[in-house]
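Both counts, for ligands and for their atoms, begin at 1 and track the order of listing.
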Amino acid sequence: MGVMSTTAPRLLQVRRSTRITPRMIRVTLEGAELAGFAGAGPDRRIKMFFPVGGQDRPAVPRTTSGGPLWPTGEPRPTIRTYTVRRFDPTAGELDVDFVLHEGHGPAAAWAREAQAGAWVGVSEPGGRYVVDPEADFHLVIGDESALPAVATVLAALPAGVPAVAYLEVADVDEEQELPGGTGVHWVHRDDRSAGEPLADAVRAASLPAGRGQAWLAGESACVRDLRRHLLDDRGLDRRAVYATGYWRAR
Ligand SMILES: Cc1cc2nc3c(=O)[nH]c(=O)nc-3n(C[C@H](O)[C@H](O)[C@H](O)COP(=O)(O)OP(=O)(O)OC[C@H]3O[C@@H](n4cnc5c(N)ncnc54)[C@H](O)[C@@H]3O)c2cc1C
């Protein structure tokens with residue numbers, strides 16, 4: 001989590017928040033500092049800087065020739081990684097979808113409480129995922145925390161190439177409308193541990209023939225396990241498997 005972009009974080013404000021499922025909230029951000037934000041494309045990741053200890057705004061570093069310079073005497077913000085779910089430069093809006101998980105994390109708590117006008121810092125977007133136009137099929141795997149990125153990945157896949165998605169959510173109420181049509185398989189966690197139902201479903205999946213490209217993210221141990229499965233048991237090429245652990249079950 002130590003990656004600091006070379007540009008100072010943008011300070012933005014909440015325009016509105018919308019409950020999209022019982023456990024997912026969409027926070028729409030706005031602000032003059034959104035100008036020039038490079039948020040387009042699949043799987044764009046941002047660091048978010050949350051205020052701490054009753055602050056009105058988070059302390060954010062200024063960019064100097066000597067590196068980032070933090071304001072003195074102010075507590076450092078809580079920093080977590082999120083996904084650009086939607087960036088609309090015309091409307092001047094940036095959507096971030098937060099899982100309201102039960103781990104009592106500061107980022108989820110901030111999203112649950114965020115009122116219009118609340119301040120938050122957002123880094124430059126990053127990310128390395130590029131759709132391979134030559135792939136014979138696409139495989140997309142994730143849990144709730146990955147759904148915002150999954151939506152952007154599915155939207156970026158070429159029409160006419162088979163795309164299969166396996167997505168684990170708590171229950172049927174957490175399913176979302178996604179691009180990708182009939183290739184999307186929802187897996188319900190119910191009372192099982194995070195990642196277990198997803199791992200079972202992917203191992204049992206029959207995949208399209210040919211050379212596939214895979215994108216996967218979610219609970220870290222599950223992602224590690226499924227990455228190995230795709231390389232060792234399914235024969236996918238190492239460079240065609242794009243895997244990221246998003247959070248760690250304790
Ligand atoms: C590249 C990238 C993109 C991401 N994009 C998104 C996104 O768009 N939306 C999103 O909601 N998350 C996303 N995440 C995951 C998010 O960064 C983590 O879930 C983060 O831990 C949340 O911070 P927190 O302060 O709420 O909880 P933390 O303080 O980090 O954790 C507190 C406790 O909650 C548990 N916990 C954390 N996350 C979850 C979870 N999802 N489900 C169940 N338990 C959890 C932890 O195990 C821990 O015990 C992304 C992560 C990465 C690396």
For [X], atoms of ligand 1 separated by under 4.0 Å from a heavy atom:
X      : result
Arg45  : 1 (C)
Ala108 : 26 (O)
Gly105 : 24 (P), 25 (O), 26 (O), 27 (O), 28 (P), 29 (O), 32 (C)
Arg248 : 46 (C), 47 (O)
Ala107 : 23 (O), 24 (P), 25 (O), 26 (O)

Any carboxylate oxygen within less than 4.0 angstrom of a Lys/Arg side-chain nitrogen, looking at [X] and [Y]?
X      : Y      : answer
Glu30  : Arg15  : yes
Arg192 : Asp200 : yes
Glu124 : Arg45  : no
Arg86  : Glu93  : yes

Go through Arg203 and Asp225 one step at a time and tell me if the salt bridge (charged side-chain N to carboxylate O under 4.0 Å, His left out) criterion holds.
CA-CA 11 Å; Arg203 283 172 190 279; Asp225 171 48; 2.7 Å; yes

Would you mind telling me if ligand 1 is within reach of the side chain of [X], the backbone, both or neither, using heavy atoms under 4.0 Å?
X      : answer
Ser145 : both
Trp247 : side chain
Asp143 : neither
His104 : neither

Judging by distance only, is a nitrogen or oxygen of [X] under 3.5 angstrom from one on ligand 1?
X      : result
Thr83  : yes
Val99  : yes
Pro106 : yes

Considering residues at least two apart in sequence or located in another chain, which fulfil the side chain to side chain contact (heavy atoms under 4.5 Å, CB included) criterion with Val130?
none

So, Thr28 versus Asp95: side-chain donor-acceptor pair below 3.5 Å or not?
yes

Assess the side chains of His188 and Glu168: does a donor N or O sit below 3.5 Å from an acceptor N or O?
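No donor-acceptor contact under 3.5 Å links the two side chains.
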
Of all residues at least two apart in sequence or in a different chain, which pass the side chain to side chain donor-acceptor pair (under 3.5 Å) check with Asp190?
none

For atom 15 (C) of ligand 1, which candidate among Phe98, Phe50, Tyr246 provides the closest heavy atom?
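The option holding the nearest heavy atom is Tyr246.
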
From the options His101, Arg80, Met24, Glu102, select the one whose nearest heavy atom is closest to atom 30 (O) of ligand 1.
Arg80

